[in-house]
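Data block below; observations after.
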Amino acid sequence: MNLLKVQNLKVHFPVKRGPFSREREFVRAVDGVSFFVATGETVGLVGESGCGKTTLGRAVIKLIEPTDGRIFFNGENLAALDAETLRARRQKFQMIFQDPYGSLDSRMTVANIIGEALDIHRLAPAPAARRERIENLLNDVGLDPSHAQRYPHEFSGGQRQRIGIARALAVEPKLIVCDEPVSALDVSVQAQIINLLQDLQRARGLAYLFVAHDLAVVRHISQRILVMYLGRIVESGDAKEICRSPKHPYTQALISAVPVVDPDSKRQRIILAGDVPSPIHPPGGCPFHPRCPVAEARCKTEVPALREVAPGRHTACHLATVEK
Amino acid sequence: MPLLEIKNLQLDFGRGAKALRAVDGVSLRLEASETLCLVGESGSGKSVTALSVARLVPSPPAHYVGGEILVEGRDVLKMSKPELREIRGGVVSYVFQEPGASLNPVFRVGHQIKESLKLHRPTAATDTEVIRLLKLVGIPAPESRIKSYPHEMSGGMQQRVMIAMALASQPKLLIADEPTTALDVTIQAQIIELLRELKQRLGMAILLITHNLGIVGDLADRVAVMYAGQIVETDAARELLQRPLHPYTRALMHSVPSLTAHVERLTAIPGNVPRLGAFPGGCRFHPRCPIARSECANAIPELVEVEPQRWVRCPLWQT
């Protein structure tokens, strides 16, 4: 059974038009997204800023209240739970944030940052057991357990991200939503954190929803990838396959825009014109058509559905051909 | 005479016992219409080096201990204020990482570009010239865009305005400090393409500061890699990317995941980027280096020309 199953999820934020206007408008940050994450699997979620990937990541663990749609965790609909049950369930899904500086309370010691999660879920009431668990967690994420009484500012960016990971692991979750966990780190430190996340996944059978904009990192860590554009999934499928032969014109452009180190690579660069349109007034038809290099007349009027074009591969493009 | 020549630049933050050396003996040469990439992580001293070219690092706290920065043969470190003003914008222009923070939010972008023209080319300070510049950097409908405020533009468009402003004075050297780091990949590709086009069309030299080795392959003729305030390797871009020689450059390239090749596990560089004031003794990379020997901790290795035009600060580069 799938650990996490999301059906037609929508998150709309109201925006005011003007001081005298009664008209209500909405930013459709997430607009009808369905996907699943299996136990022990990593699903990558990529897209540019403003595409709704962070909102989606937060909405599936109910840090943001979804406007519509259903979220099943272990087969249980999270929307139907009362506040107390939901809090108990939260033990099973945790989050790692992008900014290792902003996401740790600077006035708490590392032991208390990690211990707070244990206290809330009453996982280690005895002081000795609590101390031992914190030390084990620090050990597991590659930090010196004797540093438990230190404060976040005494650590480097990479070490702080390890603290954030230890905090997420403290309650023994099944799913961790990782929101850009390495993009604020120095390049030479990123690989350490990626390797750590993979080691922990193997040892503990964790599932990750890995939200990031760096396609190479997402491809490396994920089994499957979801590509988002303007609040919708435009392509999904096997990570290596999507990067090898993207079917959606947006995915093609996204992959071709990634700078590559190899000076001899003879890639054809697709340079997209223009910017990501406003999610308040998304273009009609296919939301990508104004920037799409191959758009046709029907792309301006008909919204393409996400359909299977090859086994396990879904693409929301009228022009994608079905492989037999 | 090279357009820019930095000789053994040494820069401290603070004085006396509290002085922290941020740039330690950096030497660079940049010929007219050449593109040099300065690659490094946070704290490597790349931005401070680049800002020093027009002496934009506030001093104090910065304090130039030694070296020379020759722009067209004249030492920037010995210049008077009026001379500096002539260099800033006149010969050397800058584009920074955050276009939103660099533009003035209360003035229309056309006005801000015109301001640069008034200073450096007063006769050309007209709407026509502003529109020509906006067109040059690929802004659609420039006639109406000159009346826009920065907040009405996207990040990519703001960066184009910044580049237009930098080009207004017709500089010989454009210094771009992480110009695409704050932008999305598709927009980043647009800006890189624009820089490449401008370089060919205008024949100006570019000093590009970045932490992204991928961008190096797209733009640079030559590369200098910095680590903890020093240059550890400098080569022609192609050669460096194909066959990096310094252990740091090699490790950095191997630690980045690729879009095509499949690796089970990334080769991570252990430890952390050393902080300013906490640089290790001897070779500064030795605590994280996979091939370090005991003698690496003793003395800072020299930057040696190991092959024609290839300089490496590591005696063990062949291992």
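Because only heavy atoms are used, hydrogens play no part in the values below, and waters and symmetry mates are left out as well, while side chains stay in. So you know, we letter chains A, B, ... as the sequences are listed, proteins then strands, and number each from 1.
Here the shortest heavy-atom pairing between A:Leu254 and B:Val185 reads CD1-CG2, 3.7 Å. B:Ala189 and A:Ile271 make their closest contact through O-CD1, 3.8 Å (heavy atoms, listed as atom of the first residue, atom of the second, distance). In terms of heavy-atom proximity, A:Arg219 sits nearest to B:Thr260 at NH2-O, 2.8 Å. Of all heavy-atom pairs between B:Asp218 and A:Pro259, the closest is OD2-CB, 4.0 Å. Pairing each heavy atom of B:Pro257 with each of A:Ala216, the nearest pair is O-CB, 3.5 Å.
With chain A as partner, the option from B:Val216, B:Asn212, B:Ile187, B:Thr267 having the largest number of non-hydrogen pairs under 4.5 angstrom is B:Ile187. The choice from A:Val189, A:Ile193, A:Asn195 that makes the most heavy-atom pairs within less than 4.5 Å of chain B is A:Asn195. Among the candidates A:Ala191, A:Ala253, A:Ser156, the residue making the largest number of heavy-atom pairs closer than 4.5 Å to chain B is A:Ala191.
Only the side chain of B:Val256 comes within less than 4.5 Å of a heavy atom in chain A; its backbone stays farther off. Proximity to chain A (any heavy atom under 4.5 Å) is shown, for B:Ser255, by both the backbone and the side chain. With a 4.5 angstrom heavy-atom cutoff, B:Thr186 touches chain A via backbone and side-chain atoms both. For B:Gln188, the part lying near chain A is the side chain, with the backbone staying farther off; criterion is any non-hydrogen pair under 4.5 Å. With a threshold of 4.5 angstrom between heavy atoms, A:Asp199 approaches chain B through side-chain atoms but not through N, CA, C or O.
With 3.5 Å as the limit, one finds a donor-acceptor pair spanning the side chains of A:Ser188 and B:Arg288.
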>> Quick one, B:Leu252 with A:Val187, criterion side chain to side chain contact (heavy atoms under 4.5 Å, CB included). Give me CA distance, side-chain angles, the key distance, then yes/no.
In response: CA-CA 7 Å; B:Leu252 201 59; A:Val187 188; 4.2 Å; yes
> Going through the distances and angles, do A:Gln190 and B:Leu266 end up as a side chain to side chain contact (heavy atoms under 4.5 Å, CB included)?
Replying inline: CA-CA 10 Å; A:Gln190 287 187 3; B:Leu266 297 174; over 6 Å; no
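Here OG of B:Ser258 is found 10.5 Å from NE2 of A:His220. Values are rounded to the nearest 0.5 Å. How far CG of B:Leu259 is from NZ of A:Lys240: 10.5 Å, rounded to the nearest 0.5 Å. Between the CD1 atom of A:Ile194 and the CZ atom of B:Arg265 there is a distance of 11.0 Å, given to the nearest 0.5 Å.
Within a 6.0 Å radius of NE2 in B:His254, other residues, nucleotides and ligands contribute 12 heavy atoms or fewer. Annotation for B:Arg275: atom CZ does not count as buried by contact number, only 12 or fewer foreign heavy atoms lying within 6.0 Å.
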